[in-house]
Every structure is written in C-alpha cells, then in structure tokens.
Novice: 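First the structure, which I've put down as structure tokens, then a few questions once you've had a look.
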Amino acid sequence: MACEQAYDTIMYGLKELDFQGKSVPCDLILIGEHAFPLAMNPRGQVLMAASQYGKGRVVVLGHEEYLTRFPGLIKNAVKWLMPHTGDAGIVGIQKHLRSVAENLNHYPIKTELGDFRSGLAVYITDAYSVDNCAKDLIAFIKAGGGLIIAGQAWNWAATHPKENTIKNFPGNKVCSVAGIYFMDNYGKVGIYPVPRQIPYSWRAVSTGKDFKDDLHFLLEGVSEFDIRGRDVPSEVMVHGPLAFPTAVTPDGKAFIAGAYYGKGRVILLSHEWFMSRDSLSTFLTNAIKWLDQDRKGVIGILPKLKTARTVLSKSGLDCQLTAFREDLSIYVCTSYNDAQSAEIQEFVAEGGGLMIGGHAWYWAETHHGGNVMTDYPGNHILNKMGLSLLGSTLSSELYKAPEIEQIDKEGYHFRKMLHRFAEHVHLGQKLTNHEESCLKQLGNDCASYLHMRCYDSPAYTSMVAILSDIVKLGVPQVSSNSPVESAKDRLMLHIATELYKVSPDPDALFPYIIKDRPTLPTVSNARVWISAKTEDWEEWISTGLYLSPGMKTYISVPPEIIGKNWQVQLGCQTDNIGEAEVLKRAPVVHQQFPLNAKKVQVCNLWGGLIYIIAPPQSKVDGVEIVVQDAVQAPYFESGETSVADWVDRIRQAPAPWAELEFENIIMTLKSEFIRNLDRPDAVAKLWDTIMRSIADLAAKPGKFPRKERFVADVQISAGFMHSGYPVMMHDMSAPELVNVQRAYKRGLWGQIHELGHNQQQDVWEFPPYTDECTCNLWSLYVHEEVLGLNGGNAHPDITLKNRQDRIKSYCDGGKDLENWSIWTALETYMQLQEKFGWDAFKKVFALYHDMNGVPNDNEGKMNLYAETFSKVVKLNLCPFFKAWGWPIQPSTQKKLSHLPEWSDHPMVQCA
C-alpha cells in the first residue's frame, strides 16, 4: 500500500517520539481515503498525520514546536514530499521558522526562508499564517507540491469561542482539502513508541465534533419531516468522523444527513424528490444556506430537477438549471450518475456545497449480487465523504424533527456506537439499555462498512484492524446445543462473519471464530460436468463436493461461462435468520463468487456444499469445471448412481451434508440422516410419483423445467417450513423425506404444502385470503391420489366435524371475506372438488396458462375464476360463490345466465 510505504519513509529510523514538555498539541481529525496518522497517543488522539491531494502531499503536526523537536522526522518528511523533484527541489520555509532551516542545513537540502512563492518543491509553515496564501497553497499541493504545516487549534478556539474551528482556523483552510483538520481538543502528551505500521486504535473511532451548531442551523423552524407518499427512501449510513444524521426514523435510521468534506459541505437526501417538496422547504432553505457558507453564490441544479428549483429558490439565492460547473457555490444533483465524481469531490473539498438526492434500493433490486457500497454510482461520490446510501428502504411517513440535545447525546451514530461497544469489550464498561438496543444496527453498519473493500484507504484498513481486535476477544461458538441469544454475542457473530470475507489474513482470524474444525479427507482435481437451460430463473447445479469451514480451493472455469453472470455458491442454507431472537447458527452462512476468470479462488468461513449457479437465459451442454481440492459428499443421482455403489461407498463420503437428486426434485440434508439409507431408489420412486402428480394437477408437463429443491437446516427464516427455491425446512423434518413407509402411513402434508406454494399463480390467487389456502390443493391431491390418505387421515384439520364446524361458524359470522382464509377458504375448493373432481381443476389451471388481460384486483379475479370454473363444468356457479360471500358482479351472472344453475350446492343453507 502506498500509505504504508509513505509511513515507512516518514518514520524511518525513529524508535520513539517524546512529546513531553510545555508544548500542548491539539488532536487531528482525519477523513477521506488518503489521510493517515503518523503518531497516535494511547487515547487514540492523532498528533501527527500525512495525506495527499491531487498530485501533491501534506504532513501535518499538532504543534509548531514539533518542527524543531523532531528534525529526523522533518528530514524524512521532506524526502517524501519531494517524490518528483528529488534533492534538487527548493524547500521554502516560513521566515520566522529559522531554526527549522538551520536543522535542515545539516542535510543536502536546499532551503529558502521567506513567504510562500511559486517554484518551490516543498513549503514549511505554521498553521497560523496561511490565511492570505491558502488558495495558492492548495493549488500548489494539487499541482504536486509538498507542504509541512504545524500548529494547534485549541488556543485559537478559546479566543474565538463563537467561530467554527473546522471552517475558520487558518490551518484548516489549507490542510482540510487533504482530509486533515486541526481540532480544538488538547492532545495528551508523553513518550510514545513508533509502531512498525500505521498506528490505529479503537479509541480513535469517534466523531470529530458534536454538530450541535450545525443541527441548530439546519433545523431552525423545522418541527417535522413529512416524506409521506410514493417516494420510498433508502437508508443512509453515516460513517465519517465529520458526518452526522439530520433526519431519522424513531429507531435511529437516517434518511437525511450532512457532512463536512475538505473545506466544503454535503447534504444527502435519500430520495431525489425530497428536494422538490414544499413540506420540506424550510429545511431545504436552511440546508442551502448552510452549504453556501455565506458566499451567496449561484446554486446550480441538475436540469432534470426542475421542480426542485422552485422550492430551493425560496432560499433567496440565485438558482439556475445547469450542468456541473466549477464556479458554482452549490451543486444540486442526483445520486444516479458518477461520471463526474472526481470533479464533484474536488469541488466540495475546495469549499463547494453539494446537495445530492437519490435512493439505492432499486439499484440493489435490479443488480442481483451487486455490491451497493462499491458499485452504486452515488456511493462513488459519497463514500469518501463519510456517507453512503444502502439498499434497504425506510417507510415514507411523517417524522418529528430530532431534538438536538437528544440526537447529540443519545442519537445513533455508527462511530459513537462502535466506540462504546469497543469500550464494552475491551474495558468491560456496561452498555445502557438504549445502547444494547442499537447493537443490531451496529452489526448491519459494520457489515455495510466492510463491504466498501477500500483496501488502499488507511481509514478502512484501520477499521478492519479494530474490528479484528474485537473479534479476537471471543466469538460465541453457535450451534443447536449452544444457541446465541444476547445482543453482544449476535453482534460478535455478525461482525466475525463479515470481517472474515474482507480480512487481509483470514487464516489468522479463523481460530478466533471457529474453535474446532474437523479434518476431513479431500479429493484433488475433481471434474464436474454441468449442463443448464434456464429461462427467467437461476438454477443451482450440484457438484457433489463440499468445502470445510475456512477451506480454500480453486475452480477452473470453462470459457463458455466466464464473465456471463455465472457464480459459484458455497453453502445450501441461503436463509438469512438474522431476525430470529435466538440463533442456532450464524445468520448468513452461504457465499457466492462470480465466475469471471479462468481460475477462481473460493472460500467460505462456514464451509458448505459447492454449487454452480446458472443465471437466467443460460444454455450450456456438458461443459467441465475442475475443483482443485474438496471433500466428497454423499450424492445420489437417479439414473446415474447405482444402489450398490451408494450402499457400499457413496453414502459414507465424509462431508457432513448429502444430496439426493431425483427426476424433479433435489433433497439436501445432513449426512447423518442418510448414512443408513439402503434404498434410495425407493425414495426416488416415491418422489418421482409425487412430483409428476404435482405437475399433473397444475396442468404442466411431467418434467419440471427446473427441479425443485428441499434444504433441511437447523434453523430457517420463517415458519416450520417455507416455500421458495429452495424449500426450507427444519432438520427435524429431514428424516420424513426419505422414510417411504412413514409417508404412506402418515403423509407429507407440510412438504407438499410448500411445493404447492411454488405452484400458486397470481392470476387465480386472491391475497391475502388464499395465500395459505390454495397451496393445500396440492397437498390434498397428492395425499389422495398418491399416498391414499383422505380427509382426516391426510390432515386433522379436514376431518368431517372440523369442516362442518367451520362452515357453520363462517355462515353465522355473516360470510365476511375477512374470515375466509386458510382452512375456511379451502372448504370452498374442497366442495368444488367433491362435486366436479380433480379434472375440473386441471382444466381451469390449463386455461389460465394462456389467459391474457387478467384483472389485478381481487374482485375482478374472483369473478373471472367463477366464470372460468363455470364454463369448464358447464354449470352456472354464481349461486355457490355468492353463498360463500364472493363479490359476484351482475355482469358475471349475465355472462353465465345461459348455463343451468348449480342449485343444490353444499352452501344452500347459507345462501
């Protein structure tokens, strides 16, 4: 890293720094991606720092006396500051710093005492005398010059109590462009060793100021933020030392935030149309004036934001629709374009204001697998400024403006909360109840921050180091026998999982996260042939291979799929269980990697089965991938694996996860459940029959275009089971999948129920009433037609007595559709089936396959269903559906009036 090399150069030969004496320094605040500390005291205060801006470089010292106290450091710094001109460049030294010149005269360095002038290679000055040449010094640095600037701001702040130190302290008018600020705090002095690498400390993770004055200005006359309507905002992550939340939800999530960046300022709104809202005009006027910093300059507004001009003009400033220009005071734009990100960042760093609006949730939804923090255009601008837009959404509601004292003291801020948590784990300081409630948010923010993957930034790498130190203090060993409940343990588990993915040395971190990794035998250069033909879906392709936790391997990728959105997935458990109160495993235990090169290295902290993920619209036939090292998993495939091979060898393969792949379904379960499975062919026969019957009822071909999947896990995200790809279930249900005798005796209602969910179609669904109802048609059909189980033998809720009681209760309750759901709603369909048989349903479903112009509302869809079913059975079913309380329209009755009415239907007594 360039910063590490710079640190080595500047601190070369120095073992310790003696800051003792009467010269009391101030601490320095660092922001951006280039600034890094040179000296840090035990409190985490930065006393010396360096950075770069444009083509040039800057070294900042927290007291002017250090210019002479540390001559070796100054010599090294001069060397680093002259990368292009070498020893031939002239070092200009402010005229009253003669002692600095005398020290440098001992080295072959050309020096010149005097005011700053052009033509110098390096300039050395105190932080108090740069007011008149600040603009020239910035241009000098940007063009490639080097600057050493030293001073402290606490005395200036004491004599200027009403002024903003960040904005008005002379030294900050120069070095802030490089992300270094003199602050008004005293720096603790002592004799401090010089670490071999750039120093970092969890104590340094804090905000740079209290922002009370800024919030008073921005919230003057603002009592609420009315963002009700269709404009759905993203959540804003506030992570910079000089960034702060401005408008928040009751649980502390920000949707408007501000920040200092260089000499300029930023306001971020998490939807662009918030800048056009009259209801926010008072705040927007305040924000424009805060960004303008009394310049009363031109406000340039992106032409697409015409309506924003009307609202922002209430500020009284000159608002113009224009593209970005350097002569603006403020630029107003959206977060959807990063074409001028570097120019905008430079504009703000040198004093401009930026008001930027937009959301990232739609980008996240439409860029599956994309990294919002690194790839979303707006974050290319915002990340360096200490703000980021996240893919999560917030509700569009009426929110009270925050109370300034409360948000300053108790309001959630990523850095404040991380600092408090670090105090808790390092020093044992007790967290308040409020702070405990913020730990989940802290975990989410740590994950988002780590996703930035900004390895060239000292701020990022120091955060990785700080979180690594926290993780090394102890991660809970989560399992079904040792569940995790406390907020602290959940946070540790979350941070550890995300940190492992980005750590520069994950192997060193691994033993602190997982204490006991079993040693399993591996196979080398395993060859897997893959074929896929997808349409509008992605498909998992099993490899029969497994990686142990933390195990690395390389995958050789065939040219046919390189760079075409194919991925490798490690782990079958794709449920995120982070919302659960008790965790029996880590919240997220799978990981995906793009197959974008001839050879791809993959590794997952939690290990897992290896899958190749075929993207939508893919067509490949028999291409080969090679997995360098992996663990063999028990894997049975109908038509490929013989029962003898399975029994004698394959079922004892060492991986802890196994898969059974049949004609239309793949089952993934713990290997312990199949070690004694003698007849996988019998299981295959059962499930082939079940799956063909599911297709039969749905009026679809018997061969599924994509095989369904079951995954049985120790914990899932919702319910006892849930539908999807894959269908998820608790592993206590896993044995039921492979017990043929039990299936014929006791049924498989829940499993078929979830597969039925996967067959539901919006065109004949009436949410929310039928959400948990029509999926049971497949359960009924399979249990009757395949398993030979009817009525209460299939499920206790459909005994004759329970059915009769529900009908009576529904009729007595006035046949309110609000009560027509689950088993009550199923009764409607069961009565139809008992009268007209399953063939009627098959014909109805078949008609819907090719039906166009289906209404979007429940009333329209219910009338269409009544009409369609009536035509199939050649009876007018309107009396029956009306008896159930369906909103049958006169027009539907007229359409069906030529058909004989079903007059003796089971609901006649309720009509």
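Count residues from 1 along the sequence.
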Novice: Checking Q591 side chain against K501 main chain: does a donor-acceptor pair fall under 3.5 Å?
Specialist: no
Novice: For the aromatic rings, using the six-membered ring if either is Trp, is the centroid distance between F347 and F324 under 6.0 Å?
Specialist: yes
Novice: Check this for me, if you would: do E33 and K384 make a salt bridge, where the nitrogen-to-carboxylate-oxygen distance has to be below 4.0 angstrom?
Specialist: yes
Novice: Using ring centroids (six-membered ring only for Trp), state whether F169 and Y181 fall under 6.0 Å.
Specialist: no
Novice: Assert yes or no for the condition that the ring centre distance of Y449 to H239 is strictly below 6.0 Å.
Specialist: yes
Novice: Can you check whether L389 reaches W361 side chain to side chain, under 4.5 Å on heavy atoms?
Specialist: no
Novice: Inspect the contact between K142 and E346 and indicate whether a charged nitrogen and a carboxylate oxygen are less than 4.0 angstrom apart.
Specialist: yes
Novice: Using a strict 4.0 Å threshold on nitrogen-to-oxygen distance, state whether K296 and D318 make a salt bridge.
Specialist: no
Novice: Look at the side chain of R203 and the backbone N and O of V205, then say whether any donor-acceptor pair between them is shorter than 3.5 Å.
Specialist: no
Novice: Quick one, D575 and H722 - any side-chain contact, counting heavy atoms below 4.5 Å?
Specialist: yes
Novice: Is there side-chain contact between P241 and R415, with heavy atoms separated by less than 4.5 Å?
Specialist: yes
Novice: Can you tell whether the side chains of E579 and K440 come within less than 4.0 Å, N to carboxylate O?
Specialist: yes
Novice: Under 4.5 Å between any side-chain heavy atoms of V348 and R265, yes or no?
Specialist: no
Novice: Counting N and O atoms only, with roles assigned by atom type, does the side chain of S503 sit under 3.5 Å from a partner on the main chain of L499, one being a donor and the other an acceptor?
Specialist: no
Novice: Between E405 and K212, is the closest basic N to carboxylate O distance under 4.0 Å?
Specialist: yes
Novice: Rounded to the nearest 0.5 Å, how far does OG1 of T574 lie from CD of Q592?
Specialist: 8.5 Å
Novice: Give a yes or no on whether a salt bridge exists between D294 and K289, defined as a side-chain N under 4.0 angstrom from a carboxylate O.
Specialist: no
Novice: Are F225 and K400 side-chain neighbours, meaning at least one heavy-atom pair lies under 4.5 Å?
Specialist: no
